[in-house]
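To start, the structure under review is shown below, and the notes come after it.
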Number of protein chains: 2
Amino acid sequence: MHFKTRIALMAALVTLLATVGCGEVQPSADKPDKEAPESNDTPDVADNTPCRPNLSPLPPSGEGMWPWDGLCDLDEDALKKRGLKIPLKDLWTPGVGGLARAAVGLRGCSASFVSKDGLMITNHHCAFAGIQRNSTPENNLLETGFLANDRTEELDGHGLRAFVFMKQTEITEQILRDMPKEGSDLERIELIEVREKAAVKECEKKPNTRCRVSRNNDGLEFILLENLELKDVRLVALPPQSLGEFGGEVDNWQWPRHTMDFTFVRAYVDKDGKPAEYSKDNVPYKPEAHFKVGVGGVSPGDLVMVVGTPYRTARYRTLASVRRDLEWYYPTRLNLFTEWNGVMEKVCADVPESCLPTTGMVKSLNNALTNARGMITGLERKNILEKKAKQEKEWQKWVAKEPERAARWGTALDDLTGYLEKSDEGRDRNFLIRYILWGNKLVGFARTITKWHSEQLKPDEEREPGFQDRDRDNTLDDLRQAQRSLDPEADRRILAMFLGRLGKLPQSERIATFETALRGDYGEASIKRFVDRLYRGSRLLDVSVREDLFNAKMDRVKGSTDSAIKLAWDMAQEFDAYDDDKKARNGAFSRLRPPYIESLVEMRGAAFYPDANASPRISFATVAGYSPRDGVWHTPLTTLSGLLAKVTDKKPFNAPDNVVKAIRDKRLPFADDKLGDVPVCFLSNADTTGGNSGSPALDANGRLVGLNFDRVYENISGDYGYNPSLSRNIMVEIRSVLWYLDAVIGADNIQQELGVK
Amino acid sequence: MHFKTRIALMAALVTLLATVGCGEVQPSADKPDKEAPESNDTPDVADNTPCRPNLSPLPPSGEGMWPWDGLCDLDEDALKKRGLKIPLKDLWTPGVGGLARAAVGLRGCSASFVSKDGLMITNHHCAFAGIQRNSTPENNLLETGFLANDRTEELDGHGLRAFVFMKQTEITEQILRDMPKEGSDLERIELIEVREKAAVKECEKKPNTRCRVSRNNDGLEFILLENLELKDVRLVALPPQSLGEFGGEVDNWQWPRHTMDFTFVRAYVDKDGKPAEYSKDNVPYKPEAHFKVGVGGVSPGDLVMVVGTPYRTARYRTLASVRRDLEWYYPTRLNLFTEWNGVMEKVCADVPESCLPTTGMVKSLNNALTNARGMITGLERKNILEKKAKQEKEWQKWVAKEPERAARWGTALDDLTGYLEKSDEGRDRNFLIRYILWGNKLVGFARTITKWHSEQLKPDEEREPGFQDRDRDNTLDDLRQAQRSLDPEADRRILAMFLGRLGKLPQSERIATFETALRGDYGEASIKRFVDRLYRGSRLLDVSVREDLFNAKMDRVKGSTDSAIKLAWDMAQEFDAYDDDKKARNGAFSRLRPPYIESLVEMRGAAFYPDANASPRISFATVAGYSPRDGVWHTPLTTLSGLLAKVTDKKPFNAPDNVVKAIRDKRLPFADDKLGDVPVCFLSNADTTGGNSGSPALDANGRLVGLNFDRVYENISGDYGYNPSLSRNIMVEIRSVLWYLDAVIGADNIQQELGVK
């Protein structure tokens, strides 16, 4: 299934972009990527990625998202000096496994096992869709929170999935062998895709396995990742949203923070221990590894390790690429999302029923707005363009210094920069197409269904990634679940907004189908007429119609009189061209970036970590405050008293009464001796990004002491470069979770299972 | 001259309430007070306040506004342990003097001598009126700043005055001797006033001397203060307002702070060394003492001493009194000033010419609004009512414990509380009268002139304080200077606002004169008719008319047909009743508070400092940060880089180009080694309040290292009680001043005079 379309559908489902602190991070529209890791079945002891002991100097504490399989390459003594108390091999040994396997992926998030019976902890916002799906106006778990008193009371997560990482295999040689030198970038990437799909297909022959190929830095390495997919994940215990999202949009990306963003879920399997869809007869999954809880929590200066699947970073970009993002991409997002946000506010004011289903989208837009602002401010504050220019000068000198280097990489940077400059034609049009497919459900549905059927005409292995047989269930599920976040009036106004924006492009860049339908008139009345006709003539907003068309034969879809389906067929060529353009860019990058990155690694001579790409990583860090600005220091732990001081009777600071009462009454089990209070959140200098939400934070002995859920505002632009002074992530301190279980809801069962009572 | 009326006139002149950070602090309307110290001629070695060595434990570092004459009573060893390096007697010895004499009073502010030639440094906002009076649209010193290249270029401060403290004499016995036990509180206070005036008159027989009686805690002690008045004070060097008030209202009361709030002025005297009005022939004043500049500035943990004339505090209040302030006084201010602010915004939008003259009033209102908000938040945050209730219970127990105590103070608290409750009738009416006289110029002028003439009918010694012969020059000057902050349209609208508010009082509380004039109709149209008629019939907004009437014979004033003068005569009885009511309250407090305070002092058994009352004080403190809230620490020094990071092209962050350039170019003389930057502002835990603006901060050796100019928001309510965790004042670090003189304006002459070049 096409990535962007898939994202559009998933938005409602996994609230990838839609959740506080989840921090959707897509530094550039250049490259598609999977938003969550996928899967595999049994661990395989044989492995082709042995350790390559490497005593290259480590970067400063905190920096580095280290692939698990590369842990054994790191300078263990240096990490021990920083406080690490367990052998790296216990964390992870390639081909064998280790404690890290307790850290799993959710769609768009991370989580971890905390008992031998499949109990997991993740962020409240990562389980949000599952909580929402179990809520009704009469019994709203978002308002009340939830506690299953025993396993029979645990609730079907309706689509929550966990992915247990089993192993990875480097297949670079297999993907790139005999790659023809001639041919277009589109042909190149299509050949790569064919080979990747073949590797995935082979890998997924194991039952219940989801595989994907992770391209490290656009193809410097190709890594086949295998995950076991657990399909029955249930809700166990969670606070009300007023605590799980305490501070809401006001505190999002901010410190000091007092959000208790956690939820317990449990994975179930069939009686034979195999992954299976929800069934009453299923039994708790027995994970190979789980984290013990570190009841001592953290103190300033402690080593912590954050384990999870960060989504994407942009650490090795060229000056030209960063300039494009800073000067065009983020300002363009800021501009679009600002208008879009206004549209959403107005529709919610005009049509009160529209407010609830669009909550997720509004959160997503707000989050993206803050992100764009933070990126621009942060990149400007760190003078990134100046620094990149300086680095590239140094690089040029370094390359010129030795003939061998010059021969190998002499043109690498110029090639990349040159390509970027000439390939940017039509970027405003492509930007709008991308967000129409994400933001307008009707057009998104129609595109998914028509493209699905077009791709069906090809042999499975030739279809585009996301549109293969393996993607059928997910795609159908996405088409169904989208109903929850669908509001017809909002959807019409969003389309109208995009049409208005298309009309402001030069005529040559507009979308021909719309241009014809509107007869070039992008005035309000004309757009309204067109939108009214389109929505009147389509039944795709009805979930059963979508399902029916998705499952129908091609000729019925081809001959459909549904106005949206007809529109999608009319626009197929333009959408395909957009997809091809993106693919061609990826083809070019797969050709041009690896040599440049290779030279950078060589020049730096330090331990290297590839850009994040939703593969399993670990960051070794220190609990530490920071100075957001002159005269201010953010101390690294907050407390329940601090939470209480923020409480008002209004959202987002309306903490639950039982929480307020427990604090006022000084019922403070798990309080920290020095603070005389229970820590709520803490900061470390761990290297994280979107996708790390729910990541376990481990202490020096590998015990769970926190849950990552956000970064600080000053670190939004950290995706472009780690900054020891400002790169800080925000975590829930485990003692606040234990305090809540004990002093607020008396969840003895969970405490016993965690081994703390 | 009557205090409130005087304040009304002074507002424009000294911008007492009208300046950023000056922090008008009048915790209660109960008690009139002088806003600035007054004066004396030659030091007198004979003195009746010998040291009373007292090793009572000192409060924690920072707490205490110690009267200079009481310094020798303090535990010097304890202060030395805190870092003090000079003997206390060098700072001040009663009857002799000392280094502290270099700290002088301005009207409403503090300042200090920094050279043997009468050069002084104070806050930019303390010299604001003088700067404004030297500015024209073509040559606006507020925009350009100013530097006199030699003494001939120094500019007449037009009314800037400095008061050199000479000595104090305790005269409690003389004031209270044979005080009749019977008689009303009004009679009591009038007798006290007569005796105070006699003491002042005697004291002011010395030429160029201004004296006043300071009532410590409403009459626990009466102290006669003698000051030498220097009448020719000139502008020497000052930054543009964009630096001197950098951050403006946005940063007011806030940390981190980057305001370079300083100005150099110089005192001149006649050729014989005697104070004299401005004359070209005057010569620089040679002060007895001046502070050397401490070019090393401060570091965290350093001892600093803040010397100056804090205006008023409320440290020893009863529960009932604090409750009145928290529940009625501050909310009432908040309510009035919010509406008033709206009136000012509207008049400035409607009538652009009104914006400039009303700037001072608008600043004053904003400042007072922030103050009221900070008071309410702060008092609530510190649970002051609960604490006071607890303290009073403890006091009751303590008093009951010994018969002697019970006999002496048994009813002291109940008497005070009981009085307060029954004396509060008509407080809303009195509150409005107070602010009509402050805020509406026309009525204020008329009241001043008519009361002046009424009082003239009495022998000088029987006239009310502020209306004696000694007050003639100041009163006339105030009537003149008020013209600068006068806008007729704003003045009309302010009166209309007050009339609207009077109409909302119960009929019995309204002002009869207005009630009659309006025939009880407080509708908009009726008020407009009345105001139009009043302003049409008065010429008091013309400065020469005011002067003429002030200097006229009583019968001309009595028979004046000016509508405002007629109104003031009509209202005389009501205004007099208001004045008498205030006096009676002071009479009651002078009877009831001293015994209670005395018992508190006895109970605490620690070194005692009286509430601030605009008499010379010193605070021994430490350079220290603080936590404004959970998860945040304010570090105690800011830097030029921090200033640069705040700069925008818009007020109040539009720092001058030459400042920005010098920072960008890294021209950083006087940089701190550790910070690698020049400190701009710093925090200490010194005990300060309004009136301390411009106070020198001295290092352990008595060298000038900073200038106090504000407190932090969390310390607004510190007036009611010192808090070691939150009581922080904000100072300009001297190195930023030296940096500005050197790197920005190249003021070699000033640097040489300061002995730093």
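Letters A, B, ... mirror the listed sequences (proteins, then strands); counts begin at 1.
Minimum interatomic distance between B:P256 and A:G631 (heavy atoms only, all atoms of both residues): CB-CA, 4.0 Å.
Surrounding CG of A:D673 are at most 12 heavy atoms belonging to other residues, nucleotides or ligands under 6.0 Å away. When the shell of 6.0 Å around CG of B:D657 is examined, it contains 12 or fewer heavy atoms from other residues, nucleotides or ligands.
In this structure, CG on B:D630 lies 8.0 Å from NZ on A:K646, to the nearest 0.5 angstrom. With rounding to the nearest 0.5 angstrom, the CZ atom of B:R629 is 12.0 Å from the OG1 atom of A:T638.
No donor-acceptor distance shorter than 3.5 angstrom exists from the side chain of B:W633 to the backbone of A:V632, with no hydrogens or angles considered.
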